[in-house]
Amino acid sequence: MINITFPDGTVKPFPSGSTAFEIASSISQGLARETVVARCNDELIDLSVPLTTDCRLEFLKFSDISGKKVFWHTTAHVCAQAVKRLFPQALPTIGPPIEEGGFYYDFADLNITQEDLKKIENEMKNIVQEGLTPQRIEYSTVQEAREANKDNPYKLAIIDDYQNETLSAYKQGEFIDICKGPHIPRLSMIKAIKLTKLAGAYWRGDAKNEQLTRIYGIGFPENKLLREYEELVAEAARRDHRKIAQEMELFTVDEDIGPGMVLWLPKGNIIKEELERWAKETEQQWGYQRVTTPLITKEGLFHTSEHLPHYTESMFPPMEFDNEKYYIKPMNCPFHHKIFSSRTRSYRELPLRIAEYGWCHRYEQSGALFGLMRVRGMQMNDAHIYCEKKDAVKEFVDVIRLHQYYYEMLGITEYSMELALRDPQSDKYHGDDSMWAEAEELMRKAMELSKVPYTIDVGGAAFYGPKIDFQIKSVIGRSFTASTNQIDLFMPEKFGLTYAGEDGSVQVPVCIHRAPLGTHERFIGFLIEHFAGRFPLWLAPEQIAVLPISKEQGNGANELVQRLKERGLRAVLETGDTLNKRVRDAQLRRIPLMVILGEKELSTGTVAVRTLDGKTTYGVSVDNFVQQVTLNRNKRKLTLPTFANIKTAQ
RNA sequence: GCCCUUUUAGCUCAGUCGGUAGAGCGCUACAUUGGUAAUGUAGAGGCCCCGCGUUCAAAUCGCGGAAAGGGCUCCA
């Protein structure tokens with residue numbers, strides 16, 4: 001007998017050699033039916049594995065994250081099986097589950113179109129109805145595994161990677177795939193299947209390798225779950241910043257101007273300017289000084305910074321005149337360094353914080369461009385802080401605090417930091433080991449002090465030093481790198497930046513790069529999705545729509561609009577159509593406040609205020625309305641003012 | 001850049017077998033002054049993404065290009 005400990009702490013004896021499935025069945029038939037995989041101590045195992053020693057045993061359903069992954073991994077095997085049936089020449093490579101949900105499977109020698117995807121999906125549906133059960137096969141020697149996969153060079157490469165481990169495969173019907181498992185006990189558990197995308201992907205993720213055909217899909221144990229998933233996808237599409245921006249007329253791009261070049265329309269420009277004004281006011285209070293620098297520069301500057309050659313492929317090619325090459329700047333840093341070195345500096349004026357909403361242009365790969373999120377021309381909330389090394393950690397913590405202030409004001413609650421380090425194998429970095437180690441040490445210290453959770457990304461560093469990215473997550477779960485920050489020990493040295501220390505000695509400052517609001521383009525793209533286009537009052541391109549019910553209230557409405565405009569509020573008078581139509585129109589334009597003026601309101605000096613959620617407060621006094629709205633705008637509140645109803649107030 | 005997909009009116013999209021175009025919204029005009037998500041009637045609006053080819057004839061078929069969209073770390 002063996003003793004099995006269950007998650008609730010109970011311990012029960014079972015005959016040695018019992019499988020997890022038998023144990024689950026003995027507890028409850030329902031449990032056995034729903035369990036997709038078991039966890040024995042800390043290891044995931046197939047339900048069919050006989051247990052011969054005491055262990056902690058947990059039954060995982062699809063609702064568990066690990067359960068989902070196993071479920072989707074098995075669905076990937078079904079996908080490969082269907083592909084092999086329909087396209088026998090195709091070579092399966094790898095097919096893992098993915099974090100965002102579902103799985104992919106990469107195939108070599110498979111050229112298919114969107115229509116074939118439907119056929120494959122149908123074949124998968126046939127397969128799961130055949131009553132197949134994945135069976136584990138263990139190879140006793142590498143040779144045996146190689147022999148079984150002798151026609152598939154990709155599988156052979158995988159075997160070579162794992163030759164020191166036990167090699168196993170899973171067989172379901174005629175299909176065998178080398179795989180460490182585990183898998184779900186019965187394919188019939190997969191009740192709903194959807195193949196979602198067809199894409200290209202490089203073998204082993206390396207663009208130097210050949211391109212494989214990747215099929216993305218997802219599966220569920222219930223149809224209901226598939227419908228919920230589809231609804232989630234549809235909601236994300238409705239929130240897509242490109243769609244909302246189109247509806248709200250925020251920005252456009254024009255083929256004649258070029259890909260990745262944004263034309264900000266008047267309404268989008270309002271958001272841009274409001275953000276910029278806010279950043280200017282805030283950063284002025286936090287001790288920053290603003291500068292303006294040119295868009296182009298002689299190539300020598302970028303040789304000094306080593307952007308040439310390290311960053312060449314992200315830069316637009318140079319233009320030549322006066323026997324000089326000039327480049328469009330991809331970053332503002334070298335210009336700010338030149339401002340630092342424009343005269344001698346003393347420790348007394350440090351930290352020197354130089355800020356600019358700088359225009360940068362980067363030659364992003366055409367396939368990487370994505371709405372406002374990845375563009376070729378961008379305006380960056382940039383600044384460089386020059387300080388003494390002893391102050392670097394404190395200054396960097398302040399930069400993190402500034403991020404937190406911005407995020408809190410905008411209601412961004414889900415964010416984290418990612419420490420990007422260099423890949424020690426790669427030679428694309430500037431090479432001074434002690435500098436890298438010191439910069440990393442300083443940044444880690446600041447991160448620990450800030451207590452913001454962080455992850456580590458090896459290989460993500462800038463060529464001149466490690467960096468910290470802020471990842472922010474929108475309500476629909478899409479996350480983006482919003483800002484990049486660094487403690488830079490390299491550039492000040494390269495640019496010969498110095499200051500006179502307290503003892504009169506010549507010192508090299510530390511440079512902190514920071515951009516809490518990232519670029520206007522990406523940040524506003526994010527905000528559109530974050531707010532679903534329903535911006536807080538201060539950011540809304542149109543703030544108040546004034547809707548007189550009939551001509552009779554035309555003058556009164558116009559007076560109100562003028563009064564609001566005098567306070568710098570963006571009020572628009574809407575006349576002409578039926579009231580229903582104008583309400584609908586304002587709703588679609590996502591104007592946060594609608595003011596309805598009828599005979600009743602005019603005669604009592606009140607307005608009826610409708611918000612985008614469809615709620616109306618009647619009898620709000622005009623004075624109160626104007627005052628509340630102005631205050632809300634001035635304080636850049638996240639939520640709209642609430643108004644007292646005169647009738648209930650009296 | 002590479003793989004897959006798409007491109008028809010300002011927007012969303014029809015367009016069958018190859019016979020040079022349609023709808024709704026929007027826009028303009030007129031009528032309508034309406035109490036909280038679409039008033040009615042009429043009108044204007046097209047290099048069917050661009051180029052080359054096949055054909056008596058191309059939005060439609062073929063080739064090339066452009067732009068947009070979905071993908072492209074690891075995870076047998």
Side-chain angles (χ1 to χ4, degrees), chain A residues 69 73 76-77 80 92-99 103-106 110-117 145 149 152 154-163 165 167-170 177-181 196-216 237 240 242-243 246-247 249 252-260 313 363-371 423 457-460 545 547-554 575-588 594-601 608-612 614-616 618:
Chain A
K69 285 192 175 173
H73 185 195
H77 275 227
T93 67
I94 59 168
I98 50 179
E99 290 298 325
F103 65 90
Y104 66 76
Y105 209 113
D106 287 349
L110 179 66
N111 290 312
I112 55 168
T113 63
Q114 213 66 36
E115 284 158 39
D116 297 316
L117 218 53
N149 290 278
N152 187 331
Y154 299 93
K155 292 292 183 190
L156 290 176
I158 290 162
I159 291 167
D160 289 343
D161 290 347
Y162 288 89
Q163 53 186 315
E165 297 177 27
L167 286 160
S168 58
Y170 278 78
D177 198 5
I178 188 151
C179 176
K180 77 176 166 202
T196 50
K197 284 176 265 193
L198 183 60
Y202 300 102
W203 168 238
R204 302 207 147 151
D206 191 332
K208 287 195 283 287
N209 291 338
E210 64 273 34
Q211 190 152 36
L212 309 173
T213 299
R214 174 170 295 183
I215 294 172
Y216 282 90
D240 190 298
R242 292 162 300 188
K243 183 175 153 61
Q246 160 98 278
E247 290 165 3
E249 300 188 344
T252 189
V253 286
D254 190 299
E255 217 175 290
D256 291 338
I257 291 172
E313 59 185 39
Y363 181 73
E364 300 288 350
Q365 290 192 336
S366 60
L369 301 174
F370 171 54
D423 172 6
D457 167 29
V458 174
L547 283 54
I549 286 177
S550 76
K551 266 187 193 146
E552 311 298 315
Q553 295 87 38
T575 57
D577 289 303
T578 58
L579 182 65
N580 278 338
K581 183 60 188 300
R582 285 176 283 153
V583 167
R584 176 181 152 84
D585 195 52
Q587 194 83 29
L588 291 176
M594 278 171 241
V595 167
I596 288 120
L597 263 186
E599 203 187 319
K600 273 182 266 170
E601 284 75 17
V609 182
R610 183 190 158 113
T611 47
L612 287 174
K615 294 201 182 99
T616 304
Y618 293 90

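As the structure is a computational prediction, the values presented were derived from the model and not from experiment. The sequence lines fix the lettering, A, B, ..., with proteins before strands; numbering per chain opens at 1. Scope of the values below: all heavy atoms of this structure, side chains included, with no hydrogens, waters or symmetry mates.
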Please name all residues satisfying ring pair (Phe, Tyr, Trp, His ring centres under 6.0 Å) with [X], sequence neighbours left out, ordered by chain then number.
X	answer
A:Phe370	A:His241
A:Tyr170	A:His183
A:Tyr105	A:Phe107

Under 4.0 Å between any heavy atoms, over every strand shown, what does [X] touch: base, sugar-phosphate, or nothing? Just pick one.
X	answer
A:Arg610	base
A:Thr616	base
A:Glu313	nothing
A:Ile596	base
A:Ala169	nothing
A:Gly371	sugar-phosphate
A:Asp577	base
A:Leu167	base
A:Glu99	nothing

Protein-nucleotides 8-11 of chain B N/O pairs closer than 3.5 Å?
residue	atom	partner	partner atom	Å
B:C11	O3'	A:Gln246	NE2	3.3

Output the rounded distance in Å from [atom1] ([X]) to [atom2] ([N]).
X	N	atom1	atom2	result
A:Leu579	B:U36	CG	C1'	5 Å
A:Lys180	B:C74	NZ	P	14 Å
A:Arg214	B:C75	CZ	P	10 Å
A:Ile215	B:G70	CD1	C1'	15 Å
A:Leu547	B:A37	CG	C1'	12 Å
A:Tyr105	B:C74	OH	C1'	16 Å
A:Gln365	B:G71	CD	C1'	13 Å

Which residues pass the salt bridge (Lys or Arg N to Asp or Glu O under 4.0 Å) test with [X], sequence neighbours left out?
X	value
A:Glu247	A:Lys243, A:Arg590
A:Arg204	A:Asp161
A:Arg214	A:Asp106

Nearest-angstrom distance, [atom1] atom, [N] to [M]:
N	M	atom1	value
B:C61	B:G19	C1'	15 Å
B:U36	B:G24	C1'	25 Å
B:U5	B:G45	P	37 Å
B:U8	B:C3	P	24 Å

Q.
For Watson-Crick and G-U wobble pairs within 3.5 Å on both distances, what is RNA chain B written in dot-bracket notation, | included for inter-strand pairing?
A. (((((((..((((.....[..)))).(((((.......))))).....(((((..]....))))))))))))....
Q) Do A:Asn149 side-chain atoms and A:Ala145 backbone N/O form a donor-acceptor pair below 3.5 Å? A) yes
Q) Considering only B:U39, B:A37, B:G1, which nucleotide approaches the side chain of A:Thr578 most closely? A) B:U39
Q) In terms of side-chain heavy atoms of A:Arg204, which of B:C74, B:C4, B:A38 is nearest? A)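 In terms of side-chain proximity for A:Arg204, the closest of B:C74, B:C4, B:A38 is B:C74.
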(Q) If you go through the side-chain atoms of A:Glu601, does one of them form a donor-acceptor pair with the base of B:G35 closer than 3.5 Å? (A) yes
Q. Taking atom types as they are modelled, is there a donor-acceptor pair under 3.5 Å from the base of B:G71 to the side chain of A:Tyr202?
A.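 Per atom types, no contact qualifies.
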Q: Please assess A:Tyr104 against A:Ile215 for the test side chain to side chain contact (heavy atoms under 4.5 Å, CB included), listing each intermediate value before the final yes or no.
A: CA-CA 5 Å; A:Tyr104 66 76; A:Ile215 294 172; over 6 Å; no
Does [X] put a side-chain nitrogen or oxygen below 4.0 Å from OP1 or OP2 of [N]?
X	N	value
A:Arg582	B:A37	no
A:Lys197	B:G70	no
A:Lys581	B:U33	no
A:Tyr216	B:C72	yes
A:Ser550	B:U33	no

Only counting residues at least two apart or in another chain, list the ones meeting side-chain hydrogen bond (donor to acceptor under 3.5 Å, both in side chains) with [X].
X	value
A:Glu313	none
A:Asp585	A:Arg589
A:Ser550	A:Gln553

Could you go over nucleotides 61-65 of chain B and give all protein N or O partners under 3.5 Å, atom names and distances?
none

Q: Could you tell me whether A:Asp177 and A:Lys155 have a side-chain N and a carboxylate O separated by less than 4.0 Å?
A: yes
